[in-house]
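Note that the structure is predicted; figures quoted are calculated from it, not measured. In what follows, chains are A, B, ... by sequence order, proteins preceding strands, each numbered from 1.
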Amino acid sequence: MFSLKLHDSHRRETVPFIPEDPAHIRLYFCGPTVYDRVHLGNLRSMLSADIMVRLLHALYERVTYVRNITDIDDKIIQRATENGEDITHLTERTTKDFHQDLTALNILPPTIEPRATHHIPDMLAMIERLITQGHAYEADGHVLFDVTSFPSYGALSGRSLEDMQAGARVEVADYKRHPGDFVLWKPSNATEPGWDSPYGRGRPGWHIECSAMAERYLGESFDIHGGGNDLLFPHHENERAQSLCCHPHSHFARHWLHTGMLLSGGEKMSKSLGNFHTIHEVLERAPAEALRLLFLGAHYRSTLDFTWEKLEEARHIMDRFYRALEKTPATKDDSRPVDVLNALCDDLNTPQALSILHRYADAALEGQQEAANQLLAGGQLLGLFTMSPTEWFQGGTELDPATIDALIEKRLAARKVRDFALADQIRNDLAAQGILLEDGPNGTTWRKG
RNA sequence: GGUCUGGUGGCAGAAUGGCUAUGCAUCGGACUGCAAAUCCGCGUAUGUGGGUUCGAUUCCCGCCCAGACCUCCA
C-alpha cells in the first residue's frame, strides 16, 4: 500500500527503498561526539533520523535503530584538559545533557546506543583483519588504512583520489603511503587514554568505531546509514572502505541518507565557528514543538537557515494546530494518517506533510471530527502534539490560574458596567505578565503570550 | 583549484512538461466596546541566455549567483 522512496547519496538519486529483510529493518545513524552540549545542527540530523524511524515503525513490524555515542576522540581529550575535568566525567555529563535535549524534543531513543569505548576489541579485530587482508599497514606507531587498496574508494562521496590530491590543503604526515590514507589506530602518550593493542598502547581513529559497532549490532549488510551531510566525506567514505574491505561480499549500507546543513543567520552553524545555539538556549525562548515544527518545515536534505523569527512563526503555527484540536478534540481512532504517511514515503517530504496538516486543521476548526483525528494522528507521526491544548496554551505559567480567573471575573464585572478603562487595564496588566485574554462567545479564556 | 547541491511570490517552502501547493506577513471585510482568536476576500512568483517541444518553471547546454565538501564538524 505504501511504497517508500528515499534519496540515496551514493547513487545520487531517489530510489525505492528495498530492505535487506522486510521482517527486520536495520539502520545506523552517526551520533554525537560528547564533549559539549549538542547544538541545533546536531539536532536537525537527529530529528531527520527520528522521522525516518517513526515512519519505518509505521510501515514495518520490526526496526532496529542504532545510534552511537563517540566517547573517545581528540576533541574530548582536549576539552577535558581545558576544563581540568576527568574524561569519563566529561563524556558522561555531556551524554546526559544530550539525552535530556533529545527527550525535550521528543526524539525517540535508539534501539541500541553503543559507546565507542565499549567496543575497542571489536575495532581491534577489524583492524587486524584489514592488515591481514592487505588493506592496512603499520607505520610509526600508527595503523593506517591504505586507500589505494580499495578500488571504489571515493565512490560514495563522488571524488577520485586524484581530485583529492589536487585539492590537498593539508600537510600530509610523512608516514602515510598515500595522502588519503587515514588512521585506524594511533599511539597514546602516558596522559592520554589508551588501550593495549598489538601495535602498542593507543586509541582508535575516528572512523573505525562506526564500522565496528554497525557490524556488531546490524551485521555486515544493513538498510540505511545516515548522518549530516558533512559526514559524507571523509567519515562515511572511510567507514564504507573499512567495512567493505573487511567483508568484501557484503553491501554494508544499502541506502545512504544525508541531512542538509543548518545555517544560523546565513552562516554555517558549527562548533568551531562559535555561532551555534544550543538546544538548551533555544528552549528557553520557545516550546520544543515549535522548534520541531521549524525543522519539519524544510525538507531534510535542503539547507535550512535558523532565525528567531522563524521560531516565532513556527510557534504561531503550533498555536493554530492546537486551537483546532481544542475546538474539536480528537477521539480514539485507529485509522492511520494515510495522507501524511504518503507524503513521508516520498523521501520524507515533511513540508508536504505539514501542508496536509493545515488542511485538517482548517476542517477541525469547522468542527469536523474525522479531520481532528487525522490532524492528531498525522501530527503525532511527526512527533508533534505531545500535550493537550490546555497544556500548550496554559501550562507552566508563573501566575496562579486561580489568580488569573479572579482577574477575569473582575474584568467581566467592569465590562458589565461598561467600565472599559478598568477592563482594558486588567487585560493589559495580564498581558504584561505574559497572559493573553480572549473574549469568545462562550466567555473569556486565557493563554500564555 | 577539484567535487557536488541549489537558485520558485515580501518571506518560508513543496510540486510539476500544459491547469502552479501550503504557511507566515501585508491589505480589505465580517465578528468584537476595543482587542485577540476565527471566518471571508486579495498575490500567475519559477536567476540569465540559448536549445528540444505544439507547449518548459520542470528536459539539455552555456553563463551568473549562492551554499556545502575537499581539514575537526550533524
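- Between Glu85(A) and Arg93(A) there is a salt bridge, since at least one side-chain N of the basic residue sits less than 4.0 Å from a carboxylate O of the acidic one.
- Summary of the strand contacts: Asp346(A) and Glu366(A) both lie near RNA chain B, and taking for each the nucleotide with the nearest heavy atom, the more 5' one is attributed to Asp346(A).
- Taking the P atoms as reference points, G62(B) lies 13 Å from U3(B), given to the whole Å.
- In this model, the phosphate group of A68(B) is not approached by any side-chain N or O of Arg301(A) to a distance below 4.0 Å at OP1 or OP2.
- C39(B) sits 38 Å from G47(B) when the C1' atoms are compared, rounded to a whole Å.
- Here, G67(B) and C54(B) have their C1' atoms 38 Å apart, quoted to the whole Å.
- The residue Arg447(A) sits close only to the backbone: its heavy atoms come under 4.0 Å of sugar-phosphate atoms, none of a base.
- Between Arg427(A) and U32(B), a side-chain N or O to OP1/OP2 separation shorter than 4.0 Å is absent.
- Rounded to a whole Å, the CZ atom of Arg415(A) is 8 Å from the C1' atom of G33(B).
- Distance from the side chain of Asp439(A) is smallest for A35(B) among the nucleotides A35(B), A14(B), C70(B).
- Between the CG atom of Leu304(A) and the C1' atom of A74(B) there is a distance of 13 Å, rounded to whole Å.
- Looking at heavy-atom distances under 4.0 Å, Gly440(A) makes no contact with the nucleic acid at all.
- For U52(B), there is no paired base (Watson-Crick or G-U wobble, both distances below 3.5 Å).
- Protein atom CE of Met318(A) is 17 Å distant from nucleotide atom P of A37(B), rounded to whole Å.
- Here His299(A) lies in heavy-atom contact (under 4.0 Å) with sugar-phosphate atoms only.
- One interatomic measurement links the two molecules: CH2 of Trp256(A) to C1' of C4(B), which rounds to 17 Å at whole-angstrom precision.
- One atom, CG of Leu430(A), and another, C1' of A35(B), lie 14 Å apart when rounded to the nearest Å.
- Proximity note for Arg320(A) (side chain, C-beta onward) versus C24(B), G33(B), A74(B): the nearest is C24(B).
- Nucleotide C69(B): paired with G2(B) (Watson-Crick or G-U wobble, both distances less than 3.5 Å).
- Rounded to a whole Å, the CG atom of Leu40(A) is 13 Å from the P atom of A74(B).
- Among the nucleotides C24(B), G33(B), U38(B), the one closest to the side chain of Arg323(A) is U38(B).
- Under 4.0 Å is where a charged nitrogen must lie from a carboxylate oxygen, and between Arg323(A) and Glu438(A) at least one such pair does.
- Across all strands shown, Thr445(A) has no heavy atoms under 4.0 Å from either base or sugar-phosphate atoms.
- Leu293(A) has its CG atom 12 Å from the C1' atom of U22(B), to the nearest Å.
- When the C1' atom is used for both U44(B) and U57(B), the distance is 12 Å, rounded to whole Å.
- With salt bridges taken as basic N to acidic carboxylate O contacts below 4.0 Å, one links Asp50(A) and Arg54(A).
- For Arg159(A) and Phe233(A), the positive end sits near the middle of the six-membered ring, less than 6.0 Å away and at most 45° from its axis.
- Within 4.0 Å (heavy atoms only), Leu232(A) reaches no atom of the nucleic acid at all.
- With A74(B), C69(B), C24(B) as the choices, the nucleotide that has an atom nearest any side-chain atom of Thr33(A) turns out to be A74(B).
- Residue Leu365(A) is in sugar-phosphate contact alone, with no base atom involved, counting any heavy-atom pair closer than 4.0 Å across all strands shown.
- Within the nucleic acid shown, Leu437(A) comes within 4.0 Å of at least one base atom, counting heavy atoms only.
- The side chain of His39(A) approaches A74(B) more closely than any other nucleotide in the set G33(B), C69(B), A74(B).
- Across A56(B) and A45(B), the matching C1' atoms stand 15 Å from one another, rounded to whole Å.
- A salt bridge does not link Arg411(A) with Asp419(A): every distance from a Lys NZ or Arg NE/NH1/NH2 to an Asp or Glu carboxylate oxygen is 4.0 Å or more.
- Comparing atom distances between the Glu313(A) side chain and each of A74(B), G23(B), A37(B) picks out G23(B) as nearest.
- Tyr217(A) and His119(A) have perpendicular rings, their planes meeting at more than 60° on a 0 to 90° scale where under 30° would count as parallel.
- Set against G33(B), A12(B), A74(B), the side chain of Asp230(A) has A74(B) as its closest nucleotide.
- The partner of G10(B) is C24(B), judged by Watson-Crick or G-U wobble contacts that both fall below 3.5 Å.
- For the C1' atoms, the distance from C40(B) to U46(B) is 29 Å, rounded to whole Å.
- Cation-pi geometry between Arg285(A) and Trp308(A) is met: the NZ or CZ atom falls under 6.0 Å from the ring centre, inside 45° of the normal.
- In this structure, the OH atom of Tyr35(A) is 12 Å from the P atom of C72(B), given to the nearest Å.
- Across the interface with RNA chain B, nearest-nucleotide mapping of Asp424(A) and Tyr300(A) shows Tyr300(A) to be the residue nearer the 5′ end.
- Residue Ser302(A) has a polar side-chain atom (N or O) positioned under 4.0 Å from OP1 or OP2 of A14(B).
- Separation of the C1' atoms belonging to G9(B) and A25(B) is 12 Å when rounded to the nearest angstrom.
- Nearest nucleotide to the side chain of Thr303(A), out of G33(B), A74(B), G67(B): G67(B).
- Across the strands present, C19(B) finds no partner; the criterion is a Watson-Crick or G-U wobble pair with both atom distances under 3.5 angstrom.
- Between the side chain of Asp74(A) and the base of C72(B), no donor-acceptor pair under 3.5 Å is found.
- Note on Asp8(A) versus Arg11(A): salt bridge recorded, some NZ/NE/NH1/NH2 to OD/OE distance being below 4.0 Å.
- Between Asp74(A) and Arg79(A), none of the side-chain N atoms (NZ, or NE/NH1/NH2) sits under 4.0 Å from a carboxylate O, so this pair counts as no salt bridge.
- One C1' atom belongs to G17(B), the other to C11(B), and the distance between them is 29 Å to the nearest Å.
- If you check every strand for non-hydrogen atoms under 4.0 Å, Asn349(A) touches sugar and phosphate atoms only.
- Nucleic acid contact for Glu438(A): base, since at least one base atom lies under 4.0 Å from a heavy atom of the residue.
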